[in-house]
Structures are given as structure tokens and as C-alpha cells.
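Quick note: numbers below take in every heavy atom, side chains included, and nothing from hydrogens, waters or symmetry partners. Note that the coordinates shown come from a computational prediction; the quantities given were computed from them, not determined experimentally.
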Amino acid sequence: MATNAIDQTRRMLSLVTYLRERPGAHVQDVARAFGITEDELISDLDVLPMCGTSFRGGDLLDIDTDGDRIWWHNPDDVAEPLRLAADEATALLVAARAVATLPGLRESDREALLRATAKLETAAGESGAASSRLSVTFESEGGVFADVDRAISERRRLWLRYYSPARDELTEREVDPIRLFAVGHTYMEGWCRLSEDRRTFRLDRVVEIRLLDAPAAPPELELRDLSEGLVHPAAEDPEVVIEVTTGGRWVAEYYPHDSAEELPDGGLRITLRTPDPASLRRLALRLGGEGRIVTPPELAESARRAAREALAAYDETL
């Protein structure tokens, strides 16, 4: 069975604890305990010596194997409390935020990562604030960019498998690309054949992409003015206020908002505008105990009622 990077990372973290408690463990026994082949285990062991408590190369894990047994020579050296320099904290925060945006990441893993990131950001102080001005473009996003750019130049239609965080789902769709642009992230604007409307797609949320032989034929559309940002809520759109705990800070990453005020407990008070406030009930249900709608009161009550109904339906199935 294929293993993705998240599963491998989780396994390797467990492997460190396992090996610390079992010096001289046999390769065959460890592979059996983790449900992997011996070759997969050896591959993990080739990576672990490049890990440690410093990005500068010191205090790395001194782990090796003779093919039969596994030895960890410096477990006590790397067990001391971690102390991060400013540049290390910045690098770690930037990487964590980048990984949290990857499409297809399990929501529980994403939320756990964002909770840890929020704690690290608080501990890092000014270094954490500086890291928020930096971003990372993954190599896979560069490949998507190349395909979109080619489709635009050759006037070809695209097939996408796309992750939508608002619905927490993957969809497949055909799109006639119109243009590429960057506003914080890199986006493609195109005519979506699934919704028969103009749509904007963030490239780092494209899970899979293919150029089709069909010609792209988007309707004549006036290009949107992006000089003031991607989202322009109308002044008459209802205002919604959501308060989230540290575990819900990811909302500010995914939902365009007017403001995000820090709360004393490490959470956020997020203010946004939307023409359809009822669409945020799904968000409230996903947040559970990590967030709540404050205003408007009728939307807050609607979300509570939906949560009670969901719980009642769940109890009936038990």
C-alpha cells in the first residue's frame, strides 16, 4: 500500500520513541511492529540521521544499523529541552504554515498542525510575527503553474481535481483558463464548466491537473480589478463575527475577513462579510468546541440548532 508523506512522518516520529526505548532492536522486529517491510524501515533510518534539534546541523540523531540491529548512540544528547533561535523559529513557522495549506491533508492533521503553529508563534514573539510576512511555493505548485500557463498560451481546456476548504471536499471539474495572477498566493481565474460560472482557483489546492485536447472557449468577461485584493465584500453584505480558540485559528487562513483580533486565550475574533451568512453554519459545525458565531444572533442560534440536530441524529444511530 502506498504511503503518503504525512503517514511516513507520523511513523518516523513514533519510530524515534520506539528506538529510544529499545536499544539494539532487531530490524525484523521493528519492521513487523510498524507493519512495513525491512526495506521501508531502512529507508526511514537513512532519513533519521538528518533530523535533530537544530536546523544548523548540530545535535542530529546518531542512528545506524548493521542490517540486523539498530543502534541509537546519542539519545540523551537530543532529549534536552528545545531552544530555538529567531531564524530557526521563523523557518519552522513558515514551513508549518505552508504544509497546512497542502490539499488532501487530513483535516484533523491540519487542525493539529495549526494549533501547534499558534503555540509556537506565541512563544516566538516578534520572530513569529515576522514569519507571517513570508510564504513558500511548493515544487508541485510550480508544476501546476507551468500547466496552466501552457493551457492559456495554447488555448486549451484543463481538467482539475481541486480541494475546497470551505466544503472540505475534493471535486473534479473542467476549466477554461483565463489568466494567472498573484495576491498573496498564486491563482488561476477561469470559466468552470461544472458550475457554468467564473471561478478562482488557488494553485496550491490543485491536487491533480491535466491538459485536455478540447479548446478553451471562455465567454467574454470583464477582468476583475485586483488592485485592492482578491475579495471585495459589498458594504451591504451582512457582517459576521466569529470567535475561535487557538485550535480554530486556521479559519483566518482560509476565509477572507475584514479583521482578526487577538484574544487573551490565544484565539481570534474574526470579522467578515458575506452575502450568504447561512453558508457559515457548516463552518460552525466543523469548529465544534473550537469556535462559535457571535453575531448576528439569529445565525448563532441557527448554528446551535444545527449542532443539536446533528448530535441527536448521531445518538439515534448508536
Side-chain angles (χ1 to χ4, degrees), residues 1-85 87-121 123-124 136 138-140 143 161 163 168 170 204 207-208 246-247 250 288 290 318:
M1 181 177 62
T3 302
N4 62 36
I6 298 299
D7 291 333
Q8 184 181 20
T9 301
R10 185 185 293 108
R11 183 180 71 232
M12 291 175 67
L13 290 172
S14 300
L15 184 59
V16 170
T17 302
Y18 186 95
L19 293 178
R20 178 179 175 81
E21 298 174 352
R22 296 168 177 80
H26 288 279
V27 170
Q28 183 179 16
D29 295 337
V30 178
R32 186 186 306 112
F34 282 84
I36 58 177
T37 67
E38 293 183 23
D39 286 343
E40 288 174 320
L41 175 60
I42 296 300
S43 178
D44 287 350
L45 295 177
D46 288 339
V47 174
L48 283 177
M50 293 184 281
C51 306
T53 59
S54 173
F55 297 139
R56 298 185 176 86
D59 301 326
L60 299 180
L61 304 180
D62 186 5
I63 297 176
D64 65 28
T65 177
D66 58 7
D68 177 43
R69 305 183 73 179
I70 305 168
W71 303 100
W72 184 357
H73 302 290
N74 65 337
D76 295 332
D77 293 344
V78 298
E80 297 180 358
L82 179 63
R83 296 291 185 268
L84 293 177
D87 59 334
E88 294 174 327
T90 299
L92 186 56
L93 283 165
V94 170
R97 292 194 188 97
V99 170
T101 67
L102 285 174
L105 184 65
R106 279 192 290 262
E107 193 61 29
S108 58
D109 290 333
R110 190 189 313 279
E111 293 177 4
L113 177 59
L114 289 169
R115 285 196 296 270
T117 302
K119 293 178 181 178
L120 179 59
E121 185 177 27
V136 172
F138 286 100
E139 183 178 352
S140 59
R161 195 151 65 94
Y163 174 70
D168 190 25
L170 289 168
D204 61 349
V207 179
E208 191 176 354
T246 54
W250 58 268
E290 295 182 337
L318 296 180

> Do Leu19 and Leu45 touch side chain to side chain, with heavy atoms closer than 4.5 Å?
Replying inline: yes
> Does some side-chain heavy atom of Phe34 sit less than 4.5 Å from a side-chain heavy atom of Leu41?
Replying inline: no
Which distance, rounded to the nearest 0.5 Å, do you find between the [atom1] of [X] and the [atom2] of [Y]?
X	Y	atom1	atom2	result
Asp29	Asp68	CG	CG	9.0 Å
Leu15	Ile70	CG	CD1	6.5 Å
Asp64	Asp46	CG	CG	11.0 Å
Trp71	Thr65	CH2	OG1	10.0 Å
Glu21	Trp72	CD	CH2	10.0 Å

> Looking at Ala33 and Tyr18, what are the two nearest heavy atoms and their distance?
Replying inline: CB-OH, 3.7 Å
